[in-house]
Amino acid sequence: MRRATSILNHAPTFCSVSAHSLVDEFTKFCYQRDLPRAMKAMEAMHRNRLSADAITYSELIKCCLVRGAVQQARLVHEHVFSNGYEPKTFLINTLINMYVKFGLLDEARNLFDEMPDRNVVSWTTMISAYSNSNLNHKALDFLILMLREGVRPNMYTYSSVLRACDGLLNLRQLHGSILKVGLESDVFVRSALIDTYSKLGEQHDALNVFNEMITGDLVVWNSIIGGFAQNSDGDETLHLYKRMKRADFVADQSTLTSVLRACTGLALLELGRQVHVHVLKYDQDLILNNALLDMYCKCGSLEDANLLFTRMMTEKDVISWSTMIAGLAQNGFSADALKLFEAMKSKGPKPNYITILGVLFACSHAGLVNDGWYYFQSMKEHFGIDPGREHYGCIIDLLGRAGKLDEAVKLIHEMNHEPDAVTWRILLGACRVHKNVDLAIYAAKEILKLDPADAGTYILLSNIYANSQKWEDVAEVRRKMRTRGVKKDPGCSWIEVSKQVHAFILGDNSHPRIEEIKRELSQLIQRLMRLGYVPDTNFVLQDLEGEQMEDSLQYHSEKLAIVFGLMSLPNQKTIHIRKNLRICGDCHIFAKLVSQLENRVIVIRDPIRYHHFRGGVCSCGDYW
DNA sequence: ATTTCTACCT
């Protein structure tokens, strides 16, 4: 302790006020949250070897916390320990908590180590301090030490320590102890359990814990809804949201953020717009508004995104800017993305790792080789950020698309990160654009080493071999697929029409209007062919909808979805479609021609890319 | 003394 050098001890000793009224006055100032006067009174009390009760000191500590007054807080600490008094456990706990809140974990720890009677609150405060600082190991160690000292954890302890749990084994053990002492029905413990299972991707267990709930609590609902949203299960997220509303709970910021994330994942623009209405009453919530911004970007409505971005009620943070920059780039507005980045540099927050990723993404998708290189080379110098694997990915993409395949390969081998499946897929994409079969085979094999369940890559490889009559290799690839149990999902496209989601799956005729749609599609293809459309049946180097037959080409799911959109949406309305697989070359040409012939804007989002078709051209510049 | 929500290369 710094008692020896305390300012308190050097203060002039002079006081004319009676002891009783001095303490009274101190108490009054503490409860009035008048920090300067309370501090003065405390000094006077110290000179007269007087002290107040623990509750009063804890009021003063609260006051220091609210004002961020660290120096004053330290003086209170010294005063409480001065004059030979040994403060009560309650007051030491308050001091420990104070240091934790100020982020001074070492000082909290010193107090904790020196206190004589550590109770459950002391232990829990330290555990929650460690888990909040991501010192997970320390938090779990403390739980063990606590048990060894014979202090029994309560619901506060468990809900704190659960956050620190980053392994399934630990979690199951903790869950077991919680059940044993009967604390699983506490809403804090329950939501922490749900959240922790969700963070480990164990949605099944999370849902079990949730379903055992008898009387509800909004946070528990938010935990399960957020868990599914974070695990990219949009359908289940929305399903639970409906259940929550049926149970008469009113969504708050957290719920709406998760629901928006589900809309983002499923590309449900109409539903997202409905949610926007509920967001309006939380226009000060930055997280929620960022989620809304991302939803508009990822659902392909840049008009809405731009509008929201310029009109946001709160100060925009680095996430708002990064979201908008990446959103513009992903949707093909690379020039606007770079312009926004320049604006950010002059009047926005400091760009971070992810911001730069969006910038490089914009360059690679617009073929801006020089700009991309410049930003890549200077990111360390200008923003202090070392290029990560993702940044290298963008540059490999940039080189590859520009036809510099050799340089792309060279960079893969030179970078100081291990290439992953994504890295090789980027190279494969470049091979597709530039029709380099040999390099494509190499890249495909590397992908399968790292991701042996990637059905699309097997099929692509098999098609390459088939095209060059290498039947033995074809058989080998097929055999590997069989033995590894890899199956390709059929192509599927989704479109939202009057709040209903319509799914079109290759080879599935269950849509009620399928016959009508197919008739319309045939007629449309006839008309396009008269304008020069030739179905592209070259499947080599294409990611395909399924086990491909030429005659099923005309019924690719996105074609059905486009026709259904033409049939059922008003004339001016943009047709928004989401696909589970990459769009094939034939459907890409088809969509371009339809956008011209029918004078419609069509937006198709595939798993990784956006295509805005307008007047016969696509925002991707045929470069995907 | 404790629980829930936002951006990321294919």
Side-chain angles (χ1 to χ4, degrees), chain A residues 93-94 96-97 100-101 119-129 131-132 153-163 186-196 198 217-227 229-230 252-261 264 282 285-295 297-298 317-327 330 352-358 360-361 364-365 387-398 400 420-430 443 447 451 454 456-457 543 582 606-609 624:
Chain A
N93 283 342
T94 311
I96 293 175
N97 178 49
V100 168
K101 293 258 165 68
N119 64 13
V120 60
V121 176
S122 332
W123 284 99
T124 302
T125 306
M126 288 311 295
I127 288 174
S128 103
S131 60
N132 282 328
N154 60 16
M155 59 272 256
Y156 292 86
T157 323
Y158 281 117
S159 44
S160 299
V161 81
L162 278 167
R163 285 169 55 89
D186 178 79
V187 285
F188 285 82
V189 173
R190 191 185 296 281
S191 45
L193 272 171
I194 292 170
D195 187 47
T196 312
S198 297
D217 169 88
L218 182 59
V219 178
V220 181
W221 278 100
N222 286 345
S223 303
I224 192 69
I225 290 175
Q230 272 153 25
D252 71 355
Q253 292 102 309
S254 172
T255 329
L256 294 175
T257 304
S258 299
V259 171
L260 281 172
R261 192 173 152 140
T264 306
Y282 301 114
D285 188 309
L286 187 57
I287 295 179
L288 181 53
N289 275 282
N290 284 343
L292 187 63
L293 182 67
D294 192 41
M295 184 278 293
C297 287
K298 296 269 171 19
D317 67 356
V318 62
I319 295 185
S320 328
W321 287 83
S322 306
T323 302
M324 194 67 222
I325 289 171
Q330 284 160 340
N352 67 12
Y353 189 97
I354 295 169
T355 319
I356 311 294
L357 214 47
L360 297 181
F361 187 82
S364 77
H365 283 245
R389 193 186 1 238
E390 294 95 334
H391 299 100
Y392 275 98
C394 288
I395 297 301
I396 292 159
D397 193 42
L398 183 76
D420 62 0
V422 175
T423 316
W424 295 112
R425 262 181 221 123
I426 293 168
L427 186 67
L428 182 58
I447 294 170
D451 183 5
D454 182 1
T457 300
D543 202 355
R582 300 290 302 278
D606 71 21
I608 55 167
R609 223 172 225 57
W624 86 102

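So you know, we letter chains A, B, ... as the sequences are listed, proteins then strands, and number each from 1. Just the heavy atoms: all of them, side chains too, but no hydrogens, waters or symmetry mates, feed the values below.
In this structure A/A430 satisfies the side chain to side chain contact (heavy atoms under 4.5 Å, CB included) test together with A/L405, sequence neighbours excluded. A/T157 meets the side chain to side chain contact (heavy atoms under 4.5 Å, CB included) test with A/V120, A/T124, A/I127, A/L143, A/M146, A/P153, A/N154; sequence neighbours excluded. Shown here are the side chain to side chain donor-acceptor pair (under 3.5 Å) partners of A/D606, two or more places apart in sequence or in another chain: A/R582. Residues forming a ring pair (Phe, Tyr, Trp, His ring centres under 6.0 Å) with A/Y282 (at least two apart in sequence, or on another chain): none. Looking at residues two or more places apart in sequence or on another chain, you find a side chain to side chain contact (heavy atoms under 4.5 Å, CB included) between A/L286 and A/N290, A/M312, A/T314, A/D317, A/S320.
A/K298 comes within contact range of the sugar-phosphate backbone alone, with a heavy-atom separation under 4.0 Å but no base atom that close. Within the nucleic acid shown, A/T323 comes within 4.0 Å of sugar-phosphate atoms alone, with no base atom in reach, counting heavy atoms only. Among the atoms of the strands shown, base atoms are found under 4.0 Å from some heavy atom of A/N154. Residue contacts shown for A/R389 include a base, since a base heavy atom lies under 4.0 Å away. Contacts of A/L288 with the nucleic acid, taken as non-hydrogen atoms under 4.0 Å apart, are absent. A/D217 comes within 4.0 angstrom of no nucleic acid atom, judged by non-hydrogen atoms across all strands.
In 5' to 3' order, the nucleotides of DNA chain B bounding all contacts with chain A (an atom under 4.0 Å from a heavy atom) are B/dA1 to B/dT10.
Atom CZ of A/R163 and atom CG of A/D195 lie 7.5 Å apart (nearest 0.5 Å).
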